[in-house]
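Starting off with a structure, shown below.
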Amino acid sequence: MEKDQFDTPVIVKVDEAGTLLALRTARDTSDFLLNQWPGKRTEKHRAALQACSDVQTGGKPPIGARRAFVAAAREAGVFTDNKAMPATG
């Protein structure tokens, strides 16, 4: 398990068709925030980006980044309940 991996992935909608993406690490989440973010760059967005950076560079636990990202994703309307993602395995 990577040091920046979330215990439970965060599932987000990435387009109008409802395509789902599972974000499993702070690195993946940071990339999404920087390159695929569909909403405005609000304070919650900035807080999530900082929390991801803190995990990657400061050794902070990934749960903080996950929580900050979920708050930003809810605000932007892209958060999807984890039960929406089909099981893989």
Contacts of Q50 that satisfy side-chain contact (heavy atoms from CB on, under 4.5 Å) - sequence neighbours left out
S53, D54
Any cation-pi pair here, R24 with F6, using under 6.0 Å and within 45°?
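No, R24 does not sit over the ring of F6.
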Is there a side-chain contact between D7 and R66, using heavy atoms and a 4.5 Å cut-off?
no
Return the set of residues passing side-chain hydrogen bond (donor to acceptor under 3.5 Å, both in side chains) with T57 (not counting sequence neighbours), or none when no residue passes.
none
For T42 and E75: C-alpha separation, side-chain torsions, deciding distance, then whether side-chain contact (heavy atoms from CB on, under 4.5 Å) applies.
CA-CA 9 Å; T42 65; E75 180 181 64; 2.5 Å; yes
Please enumerate all residues that pass side-chain contact (heavy atoms from CB on, under 4.5 Å) together with A48, with sequence neighbours excluded.
L33, A68, F69, A72
Nearest-0.5 Å distance that lies between atom CG in L20 and atom NZ in K13:
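One finds 8.5 Å between CG of L20 and NZ of K13.
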Given side chains that start at C-beta, do those of F32 and C52 come closer than 4.5 Å, heavy atoms only?
no
Hey, does L23 have a side-chain heavy atom less than 4.5 Å from the side chain of P9?
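Side-chain contact under 4.5 Å: no.
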Restricting to side-chain hydrogen bond (donor to acceptor under 3.5 Å, both in side chains), what partner residues turn up for Q56, sequence neighbours left out?
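Once residues adjacent in sequence are excluded, Q56 has no partner under the side-chain hydrogen bond (donor to acceptor under 3.5 Å, both in side chains) criterion.
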Show, in sequence, the C-alpha distance, side-chain angles and deciding distance for L49 and L34, and conclude whether the side-chain contact (heavy atoms from CB on, under 4.5 Å) test is met.
CA-CA 8 Å; L49 198 53; L34 290 169; 3.7 Å; yes
Check for me, please, whether W37 and V10 land in the same ILVMFWY cluster - side-chain distances under 4.5 Å, paths through other members count.
yes
Any donor-acceptor N/O pair, D4 side chain to R27 backbone, under 3.5 Å
yes
Set of side-chain contact (heavy atoms from CB on, under 4.5 Å) partners for R67, sequence neighbours left out:
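R67 satisfies side-chain contact (heavy atoms from CB on, under 4.5 Å) with I63 once adjacent residues are dropped.
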Note: R41 and R46 closest approach over all heavy atoms is O-NH1, 2.7 Å
Those residues that, when tested against S30, pass side-chain hydrogen bond (donor to acceptor under 3.5 Å, both in side chains) (two or more places apart)
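Once residues adjacent in sequence are excluded, S30 has no partner under the side-chain hydrogen bond (donor to acceptor under 3.5 Å, both in side chains) criterion.
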R74 side-chain N/O to T80 backbone N/O, donor-acceptor pair under 3.5 Å
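A pair under 3.5 Å: no.
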